[in-house]
There are 2 protein chains.
Amino acid sequence: MKLNERGLLIVISGPSGVGKGTVRKALFELEGHDLVYSISMTTRAPREGEIDGEDYYFVTRDEFQERIKNDQFLEYAEFVGNYYGTPRDKVDEQLELGKEVVLEIEVQGALQVREKAPDGVFIFIAPPTKEALYRRLLRRGTENPNMIQQRMDKAEREFPLAHKYDYIVVNDEVTNAADRILAIIRAEHAKTERAIYKYKEMLEVE
Amino acid sequence: MKLNERGLLIVISGPSGVGKGTVRKALFELEGHDLVYSISMTTRAPREGEIDGEDYYFVTRDEFQERIKNDQFLEYAEFVGNYYGTPRDKVDEQLELGKEVVLEIEVQGALQVREKAPDGVFIFIAPPTKEALYRRLLRRGTENPNMIQQRMDKAEREFPLAHKYDYIVVNDEVTNAADRILAIIRAEHAKTERAIYKYKEMLEVE
């Protein structure tokens with residue numbers, strides 16, 4: 001007998017600079033949820049102080065490729081010679097425990113996840129305006145104008161992909177955006193196709 | 001130019017005795033919304049102190065039937081010789097102003113509304129268990145055992161219709177149920193098919 005209702009896979013995504021990470025952190029600080037953050041798997045070496053199973057799951061290149069072969073990633077990518085991916089089994093374990101598993105991920109990765117986990121809840125974080133995104137990228141101050149322009153161009157290509165998501169949450173203010181995501185999680189649990197199984201005996205379809 | 005985003009039609013429904021009215025009142029007491037309650041139209045005579053356009057829209061039988069003929073009701077029914085209905089134009093006016101219009105209505109009426117307003121948000125209020133509903137009907141103490149049994153029988157017939165709704169909200173505790181409905185309203189506004197029009201220029205589909 002299952003004690004907990006299965007949790008939801010919550011995919012928080014959107015263009016670079018939109019504030020995904022800040023919104024996700026604010027979300028975790030809110031009360032009244034059972035969220036866990038999905039831990040990525042990587043082939044890169046652990047840095048000083050990094051703990052396996054906490055910061056990342058550290059695996060060898062062979063292990064990672066074996067997992068790719070067995071379709072054990074919700075998404076993966078290679079950056080500068082190292083693999084990074086979201087291990088499907090680890091996510092499933094948490095969902096079965098009734099946790100909401102949060103992925104914070106780039107647009108391309110999110111669309112990969114959508115194919116493997118169509119029952120996930122896909123949230124596109126949008127800036128209030130294009131200008132706001134541009135200002136945010138400028139304010140970071142860590143990149144040269146050329147890089148900033150590249151990021152804006154990428155964002156322009158990603159904006160039209162918003163229609164592939166279930167929800168669009170505008171990051172006008174971080175706490176507003178986090179509140180909206182929590183509302184989405186609550187609403188998703190109340191959706192008839194999910195809730196009806198919880199009350200199957202009572203609400204049984206004729 | 002429209003200044004406000006169009007509001008949502010929120011249909012709160014469920015079996016008799018489930019606490020629809022109490023949940024609806026608790027919902028209106030919450031902060032952070034722009035809800036209005038839909039005012040019904042009726043052919044019955046106003047009672048002492050009742051105000052036209054506030055308690056009901058009072059109309060003649062001819063007017064009501066003319067409106068039926070012109071498909072101007074989201075739903076209507078006749079009770080003991082009087083008509084009662086939800087006037088479509090009044091609801092639309094409020095929606096255009098950006099208000100969320102709340103209907104609190106029986107299951108049969110809600111299913112009528114669903115046909116006329118498929119973009120409404122249909123919420124089935126369920127008791128935590130059948131026994132809880134039975135106890136609630138008993139506690140009311142206004143009806144004889146025979147009437148209570150009739151209501152339970154009707155509820156049993158209505159439970160399987162829950163699958164025709166968008167959401168199922170269990171009235172375990174009134175404030176919980178009201179909170180969940182508010183979360184649903186917020187989530188519905190963030191749904192991609194609604195939000196994408198708000199940010200059309202930015203998120204424009206290619």
Side-chain angles (χ1 to χ4, degrees), chain A residues 5 14-15 18 31-33 121-134 155-172 176-206, chain B residues 5 14-15 18 31-33 121-134 155-172 176-206:
Chain A
E5 188 180 356
V18 84
E31 303 270 317
H33 59 68
V121 178
F122 291 78
I123 302 173
F124 187 91
I125 309 288
T129 60
K130 284 183 192 179
E131 295 66 37
L133 180 63
Y134 188 65
E156 297 269 6
R157 290 192 304 273
E158 288 172 344
F159 282 142
L161 298 172
H163 78 276
K164 300 203 173 202
Y165 288 72
D166 301 309
Y167 296 95
I168 296 170
V169 165
V170 173
N171 185 14
D172 45 4
N176 275 350
D179 277 345
R180 270 181 223 131
I181 294 175
L182 196 56
I184 288 168
I185 295 172
R186 300 190 71 189
E188 282 284 330
H189 277 289
K191 268 196 178 170
T192 295
E193 66 259 37
R194 290 202 176 89
I196 208 155
Y197 288 103
K198 210 166 141 193
Y199 300 99
K200 211 177 167 199
E201 213 189 310
M202 177 169 66
L203 303 177
E204 202 161 39
V205 178
E206 271 160 338
Chain B
E5 187 179 357
V18 85
E31 304 270 316
H33 60 68
V121 178
F122 291 78
I123 302 173
F124 187 91
I125 309 288
T129 60
K130 283 184 192 177
E131 295 66 37
L133 180 62
Y134 188 64
E156 297 268 7
R157 291 193 304 273
E158 287 172 343
F159 282 142
L161 299 172
H163 77 277
K164 300 203 173 200
Y165 288 73
D166 301 309
Y167 297 95
I168 296 170
V169 166
V170 174
N171 186 14
D172 45 3
N176 276 349
D179 276 345
R180 271 180 223 131
I181 295 175
L182 197 56
I184 289 167
I185 295 172
R186 300 191 71 191
E188 282 284 331
H189 278 289
K191 268 195 176 170
T192 296
E193 65 260 36
R194 290 203 174 89
I196 208 155
Y197 288 102
K198 211 166 143 193
Y199 300 98
K200 211 177 168 200
E201 213 189 311
M202 177 169 65
L203 303 177
E204 204 160 37
V205 179
E206 271 161 339

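Reminder, nothing fancy here: chain letters follow the sequence lines and each chain counts from 1. None of these values were measured; they are calculated from a predicted model.
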Residues passing the salt bridge (charged side-chain N to carboxylate O under 4.0 Å, His left out) test with A/D179, sequence neighbours excluded, are none
Interface check, chain B: of A/V170, A/I184, A/I181, A/I185, most non-hydrogen pairs under 4.5 Å belong to A/V170
If you tally heavy-atom pairs under 4.5 Å between each of A/T129, A/L182, A/I168, A/I123 and chain B, the highest tally belongs to A/I168
Under 4.5 Å to a heavy atom of chain A? For B/F122 that would be neither
*asked:* Are more than 12 heavy atoms, taken from residues, nucleotides or ligands other than A/K164, located less than 6.0 Å from that residue's NZ atom?
replied: no
Of all heavy-atom pairs linking B/A187 and A/A183, the shortest is CB-O, 4.1 Å
Smallest heavy-atom separation, A/R186 atom then B/N176 atom, equals NH2-O, 4.3 Å
The reported gap from NE2 in A/H189 to OH in B/Y167 (rounded to nearest 0.5 angstrom) is 12.5 Å
For A/A190 and B/V169, the nearest pair of non-hydrogen atoms, with its separation, is CB-CG2, 4.4 Å
Donor-acceptor pair, distance only, cut-off 3.5 Å: does the side chain of B/T192 make one with the backbone of A/D166?
yes
Sorted by chain and number, sequence neighbours left out, side chain to side chain donor-acceptor pair (under 3.5 Å) with A/K191 holds for A/E188
For A/P127 and B/M202 the tightest heavy-atom approach is O-CE, 2.9 Å
Turns out that what part of B/Y165 lies under 4.5 Å from chain A's heavy atoms comes down to both
